[in-house]
2 protein chains.
Amino acid sequence: METLALPPQATQVGLAVDVAAFAMHGGELQVLLVQRGELPHARDWALPGGFVHPGEDLHEAALRELRTETSVTLEPRHLEQFYTFGAPGRDPRGRIVSVAHLAVLAHGTVDVTGGGHTLGAGWFPAHRPPALAFDHAAILARALGRLRVRLDYAHLALEFLPDTFTLPELQRVHEAILDRPLDKRNFRKRLLAQGLLVPSGERRSGVGRPAQLYRRAKGAKAAAL
Amino acid sequence: METLALPPQATQVGLAVDVAAFAMHGGELQVLLVQRGELPHARDWALPGGFVHPGEDLHEAALRELRTETSVTLEPRHLEQFYTFGAPGRDPRGRIVSVAHLAVLAHGTVDVTGGGHTLGAGWFPAHRPPALAFDHAAILARALGRLRVRLDYAHLALEFLPDTFTLPELQRVHEAILDRPLDKRNFRKRLLAQGLLVPSGERRSGVGRPAQLYRRAKGAKAAAL
DNA sequence: ACAAAAGTGTTAAACCTACACCCATGT
DNA sequence: ACATGGGTGTAGGTTTAACACTTTTGT
């Protein structure tokens with residue numbers, strides 16, 4: 001079987017992955033961007049990404065690009081392919097098809113620096129990003145849409161937080177992703193009714209009344225897509 | 001810009017599209033399959049698909065493969081990319097990445113014959129398909145999942161029917177996609193409450209009381225994804 | 001007249017939304 | 001004591017699910 005040849009009509013294209021990686025910082029939803037060091041679009045900001053290696057899975061490639069183009073070394077809490085961008089003119093270097101991925105990074109993934117052939121890396125407000133290279137603005141917009149859908153559905157909001165967290169913190173994650181305020185009482189009722197959260201100790205924040213800490217209930221895994 | 005070269009690390013892969021095309025026949029949800037005429041998997045059934053041409057959009061490629069591998073000449077009523085399959089070992093001929101598409105064909109698209117290098121084409125029960133080539137069983141399973149999600153959401157069920165249709169016919173589409181029975185009264189209430197359907201003339205079916213015909217309300221376009 | 005499929009309403013439970021005040025802590 | 005943010009309940013409207021009989025036609 002290994003000896004079968006590709007048929008002649010098989011278009012060869014460059015295969016890339018791009019990653020829209022999100023995290024919460026300062027109560028805001030932020031997206032991780034890198035500053036390109038090479039043409040085309042040198043010095044422009046872009047989503048981390050690059051070419052898939054031979055024999056490498058798409059998922060692995062996305063993980064690798066995240067690690068090598070930024071200083072992020074921990075595994076993302078969530079990584080999911082969400083759309084493939086393949087319009088013929090999208091990259092001036094030729095036919096390059098990019099499989100876009102959505103990643104959620106653990107809380108505390110703050111320090112990012114460039115790696116590989118990037119000039120730097122940084123966090124930017126996900127809903128108000130700077131100008132982006134290629135068609136990355138469209139990719140980011142679609143990533144945000146997918147993130148919104150996943151909120152209800154799976155328990156993806158928890159992946160933005162440490163193992164233990166307070167309900168107000170979780171609410172801020174939801175609000176940041178939806179980009180609108182939510183009612184505190186209704187939010188609590190809904191989340192606690194789902195039975196995925198169990199209380200633990202107590203905690204004092206810097207200011208105000210201390211909040212109850214929760215962790216995800218054992219045996220609560222994210223729903224299938 | 002056109003003169004920029006692909007960087008050396010750009011893996012070249014074969015780029016393909018596969019199409020899971022659905023229609024209703026005999027009250028059942030059916031999927032369109034072709035019988036392969038070439039190695040690998042000669043004589044096995046597979047989703048229609050093939051290599052993207054240079055300069056061709058993914059969407060166009062999916063339309064073309066549908067036309068040339070089967071006798072389907074009308075535009076699909078719906079065509080949407082839903083997932084990209086790129087595991088290194090999925091095709092014995094080498095690294096081939098397939099962007100999978102979901103299509104809905106108009107009611108009455110019955111006669112299908114093979115084209116191109118296929119031995120034939122035919123309709124099969126979508127929920128109980130025959131053995132399929134490559135990883136096409138996984139592709140089909142995911143297509144069915146997406147179809148289910150789109151039911152609620154957009155008004156995709158209407159695309160399975162002719163311009164005018166009865167409510168029991170529409171209900172059968174929903175039931176076929178969900179693969180479970182629905183309550184007649186609740187179904188009607190829900191659908192009519194959406195205000196997307198307007199009644200027209202009357203119609204007699206072969207047997208039993210004739211059913212009211214409906215058409216989609218003017219100005220009701222499918223919701224965005 | 002009978003067989004076959006279309007059509008029709010009500011009720012209970014669950015869910016969603018809006019809304020305002022008291023509580024526990026640090027300074 | 002006061003500023004800060006955490007925590008709590010209720011009522012109205014909407015949505016969902018379960019459920020059985022009558023109507024219209026063709027044979």
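Throughout, a chain's letter reflects where its sequence line sits, starting with A, and its residues are numbered from 1.
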Atom pair NE2 (A/H127) and CD (A/E28), whose distance is rounded to the nearest 0.5 Å: 8.0 Å

Could you check B/T166 against A/E202 and say which one's nearest nucleotide on DNA chain C is further toward the 5' end? B/T166

What is the per-nucleotide protein-contact pattern of nucleotides 11-21 of chain D, from the 5' end, where B denotes a base atom under 4.0 Å from a protein heavy atom, S denotes such proximity for sugar-phosphate atoms only, and - denotes neither? ------BBBB-

Do the side chains of A/R216 and A/E159 get close enough for a salt bridge, i.e. N-O under 4.0 angstrom? yes

Charged N to carboxylate O below 4.0 Å: is that the case for B/R36 and B/D44? no

Nearest-Å distance for atom pair CZ/P, residues A/F187 and D/dG7: 12 Å

Salt bridge present between A/E69 and A/R64 (N-O < 4.0 angstrom): no

Please say whether more than 12 non-hydrogen atoms of neighbouring residues, nucleotides or ligands are located less than 6.0 Å from CZ in A/R43. no

In whole Å, what is the span from the CZ atom of B/R209 to the P atom of D/dT25? 7 Å

Of A/P210 and B/V207, whose nearest nucleotide on DNA chain D comes first from the 5' end? A/P210

note: A/R172, atom CZ; D/dT4, atom P; distance rounded to Å ~ 15 Å

Nearest-angstrom distance from the residue atom CD of A/Q171 to P of D/dG7: 11 Å

Is the A/H41-A/F134 ring centre distance short of 6.0 angstrom? yes

To the nearest 0.5 Å, what is the distance between CG on B/L158 and CZ on B/R215? 12.5 Å

First-last contacting nucleotides on DNA chain C - partner chain B, under 4.0 angstrom, heavy atom: C/dA4 to C/dT10

Nucleotide D/dT8, atom P - distance to CG of A/L191 in whole Å: 14 Å

Ring pair (Phe, Tyr, Trp, His ring centres under 6.0 Å): pairs with one or both residues in residues 177-202 of chain A, sequence neighbours excluded: A/H174-A/F187

